[in-house]
Amino acid sequence: MQSAHEDEVHEDLTENKAVVLLSGGIDSSVLLAYVIKKKKLAPLPIVFDYGQRHSVEIESAKKVAFSLGCEKLNLFRIDLASIKGSSLTDLSIDVPENDGDDIGKILPITYVPARNLIFLSISTAWAEVSGAESVFYGANAIDYSGYPDCRPEFTTSFEKTANLGTGYYFKENKLKIRAPFSEMRKHEIILLGKELQVDFSLTHSCYDPSENGTACGKCDSCKIRKKAFIEARVKDPTRYA
């Protein structure tokens, strides 16, 4: 039996081009496969190099995109490290290792201020000049670290703002901001990825990997990833320290 959010994932769309935010993690990798194979859209993958300490994810994103048949992607560089305030962009702040009890309940130090707001704004600009009518991002508001810019309310609000403040205001077909996995459990996303033949060995989730890309196994993201693979009963190909 399908749940309501699974029905939402298989909702028909009619756009031809879609900008897809790709980080190289589980959600965005499955999302790219979903856009290509389920929605039959022409993907415009965009990857952000924003000064993150886990920059190995950029190489993962490239590998995922090429494995799914994307001939090119847009690598956009922006310096969020100069803003600081997050352990993902400020090397003086340690990535926390906790027992997981507070995951999703408090604003974690791994939150990068306004990250998705900035990413979606840039993606909207690229969609506008590329003739795309939708922007997809892999926000998840259930099995996540508690970031406010992953909630459905944020997605709805941003879509309204984007259509008011860009050239889409004058167009009949407005821009759609899609976050189809926002209310899915992480293990459900993994199962969808398995169905879509996503190579999870190419993906990366760790916030604090070693220099050779080995996952720490202790950060929130690693713990959420481990738990999801166990619940999905799918082998986790991740190399953990």
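Computed from a predicted model, the values in this text were never measured in an experiment. Because only heavy atoms are used, hydrogens play no part in the values below, and waters and symmetry mates are left out as well, while side chains stay in. Positions are given from 1, in the same order as the sequence printed here.
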### Task
May I ask you to say whether Lys186 pairs ionically with Asp27, meaning some side-chain N is under 4.0 Å from a carboxylate O?
yes
### Pair Tyr137-Ser123, side-chain donor/acceptor within less than 3.5 Å
no
### Query
Would you say the side-chain atoms of Arg178 and Ser134 include a donor-acceptor pair closer than 3.5 Å?
no
### Message
With a 3.5 Å distance limit and no angle check, can you tell me whether Asp149 reaches the backbone of Asn116 through a side-chain donor-acceptor pair?
### Response
yes
### Rounded distance (nearest 0.5 Å) linking atom CG of Asp90 with atom CD of Gln52
14.0 Å
### Message
With salt bridge (charged side-chain N to carboxylate O under 4.0 Å, His left out) as the criterion, how do Arg225 and Asp236 come out once you've worked through the C-alpha distance, each side chain's angles and the decisive distance to 0.1 Å?
### Response
CA-CA 8 Å; Arg225 181 184 177 107; Asp236 183 357; 3.7 Å; yes
### Query
Is the backbone of Asp79 close enough, under 3.5 Å, to the side chain of Ser82 for a donor and an acceptor to pair up by distance?
yes
### Summary
In this structure, CG of Leu31 is separated from CD1 of Ile36 (nearest 0.5 Å) by 9.5 Å
### Query
Should the heavy atoms of other residues, nucleotides or ligands under 6.0 Å from NZ of Lys194 be counted, would the total exceed 12?
no
### Message
Test of understanding: clusters of I, L, V, M, F, W, Y form through side-chain heavy atoms closer than 4.5 Å, transitively. Do Phe66 and Val19 belong to the same one?
### Response
no
## Note on the structure
For Ile118 and Pro113 the tightest heavy-atom approach is CD1-O, 4.4 Å
### Query
Hey, is the main chain of Val135 close enough, under 3.5 Å, to the side chain of Lys176 for a donor-acceptor pair?
no
### Query
In a check of side-chain contact (heavy atoms from CB on, under 4.5 Å) between Phe200 and each of Ser205, Pro237, Ser29, which one passes?
Pro237
#### Entry: Sidechain-backbone polar pair: Lys17 side chain, Ser130 backbone, donor-acceptor under 3.5 Å
yes
### Query
Would Leu192 and Ile230 show up in the same hydrophobic cluster when neighbours are defined by side-chain heavy atoms closer than 4.5 Å?
no
### Task
Give a yes-or-no answer on whether the side chains of Arg53 and Thr89 include a donor-acceptor pair shorter than 3.5 Å.
no
### Residue pair Ala179 / Ala139: nearest heavy atoms and the distance that separates them
CB-CB, 4.2 Å
### Query
Do Phe48 and Ile58 touch side chain to side chain, with heavy atoms closer than 4.5 Å?
no
### Task
Please confirm whether the backbone N or O of Cys206 pairs with a side-chain atom of His204, one donor and one acceptor, at under 3.5 Å?
yes
### Query
Side chain of Asp94, backbone of Ser87: donor and acceptor closer than 3.5 Å?
no
### Task
Taking the six-membered ring for Trp and the full ring for Phe, Tyr or His, determine whether the centres of Phe119 and Tyr50 are under 6.0 Å apart.
yes
### Message
So which atom in Leu22 and which in Pro45 form the shortest heavy-atom distance, rounded to 0.1 Å?
### Response
CD2-CB, 4.4 Å
### Query
Just by modelled atom types, is the Glu128 backbone N or O under 3.5 Å from a matching donor or acceptor in the Tyr168 side chain?
yes
### Query
Roughly how far, to the nearest 0.5 Å, is the CG atom of Asn74 from the CZ atom of Phe76?
7.5 Å
### Query
Is the shortest distance from a Lys or Arg side-chain nitrogen in Lys37 or Glu195 to a carboxylate oxygen in the other one below 4.0 Å?
no
### Message
Please determine whether side-chain contact (heavy atoms from CB on, under 4.5 Å) holds for the pair Asp49 and Leu75, giving the CA-CA distance in whole Å, both sets of side-chain angles, and the decisive distance to 0.1 Å.
### Response
CA-CA 7 Å; Asp49 179 353; Leu75 178 60; 4.2 Å; yes
### Task
Dump the intermediate steps for side-chain contact (heavy atoms from CB on, under 4.5 Å) on Leu164 and Lys160, then the final yes or no.
CA-CA 6 Å; Leu164 285 173; Lys160 181 178 180 181; 4.2 Å; yes
### Query
With a 4.5 Å limit on heavy-atom distance, are the side chains of Ile26 and Ile190 in contact?
yes
### Task
Mark yes or no for whether Ser28, through its side chain, and Ser23, through its backbone, hold a donor-acceptor pair below 3.5 Å.
yes
### Message
Using side-chain heavy atoms (C-beta onward) and a distance below 4.5 Å, is Thr124 in contact with Phe158?
### Response
yes
### Query
When you look at NZ of Lys226, are more than 12 heavy atoms from neighbouring residues, nucleotides or ligands closer to it than 6.0 Å?
yes
#### Entry: pair Thr166-Leu175: side-chain heavy atoms closer than 4.5 Å
no
### Lys/Arg N to Asp/Glu carboxylate O, Lys227 vs Glu231, below 4.0 Å
yes
### Task
Please step through side-chain contact (heavy atoms from CB on, under 4.5 Å) for the pair Asn16 and Leu41, ending with a clear verdict.
CA-CA 5 Å; Asn16 293 320; Leu41 302 176; 5.6 Å; no
### Backbone N/O of Phe181 and side chain of Asn140: donor-acceptor pair under 3.5 Å
yes
### Message
Can you tell me if Glu153 has over 12 outside heavy atoms packed within less than 6.0 Å of its CD?
### Response
yes
### Task
Determine whether Ile78 and Leu21 fall in the same hydrophobic cluster, where Ile, Leu, Val, Met, Phe, Trp and Tyr are linked whenever their side-chain heavy atoms lie under 4.5 Å apart.
yes
### Task
Answer yes if Val112 and Ile122 sit in the same cluster of Ile, Leu, Val, Met, Phe, Trp and Tyr residues linked by side chain heavy atoms under 4.5 Å apart, and no otherwise.
yes
### Spatial distance of atom OG (Ser86) from atom CG (Leu80) [nearest 0.5 Å]
9.5 Å
### Summary
Note: Val56 and Pro209 closest approach over all heavy atoms is CG1-CG, 3.8 Å
### Query
Same hydrophobic cluster for Leu107 and Leu88, using side-chain heavy-atom links shorter than 4.5 Å among ILVMFWY?
yes
### Query
Taking all non-hydrogen atoms of both residues, which atom of Pro148 and which atom of Phe154 are closest, and how far apart?
O-CB, 3.9 Å
### Query
Would you call Glu59-Lys62 a salt bridge at under 4.0 Å N-O?
yes
### Query
Just by modelled atom types, is the Leu202 backbone N or O under 3.5 Å from a matching donor or acceptor in the Ser60 side chain?
yes
### Query
Tell me, do Pro43 and Phe136 make a side-chain contact under 4.5 Å, heavy atoms counted?
no
### Task
Mind running side-chain contact (heavy atoms from CB on, under 4.5 Å) on Ile46 and Leu73 for me, showing each step along the way?
CA-CA 6 Å; Ile46 184 168; Leu73 51 77; over 6 Å; no
### Task
Tell me whether the guanidinium CZ or amine NZ of Lys174 lies under 6.0 angstrom from the six-membered ring centre of Tyr169 and within 45° of its axis.
yes
### Query
Heavy-atom distance under 4.5 Å between the side chains of Pro108 and Tyr147, does that happen here?
yes
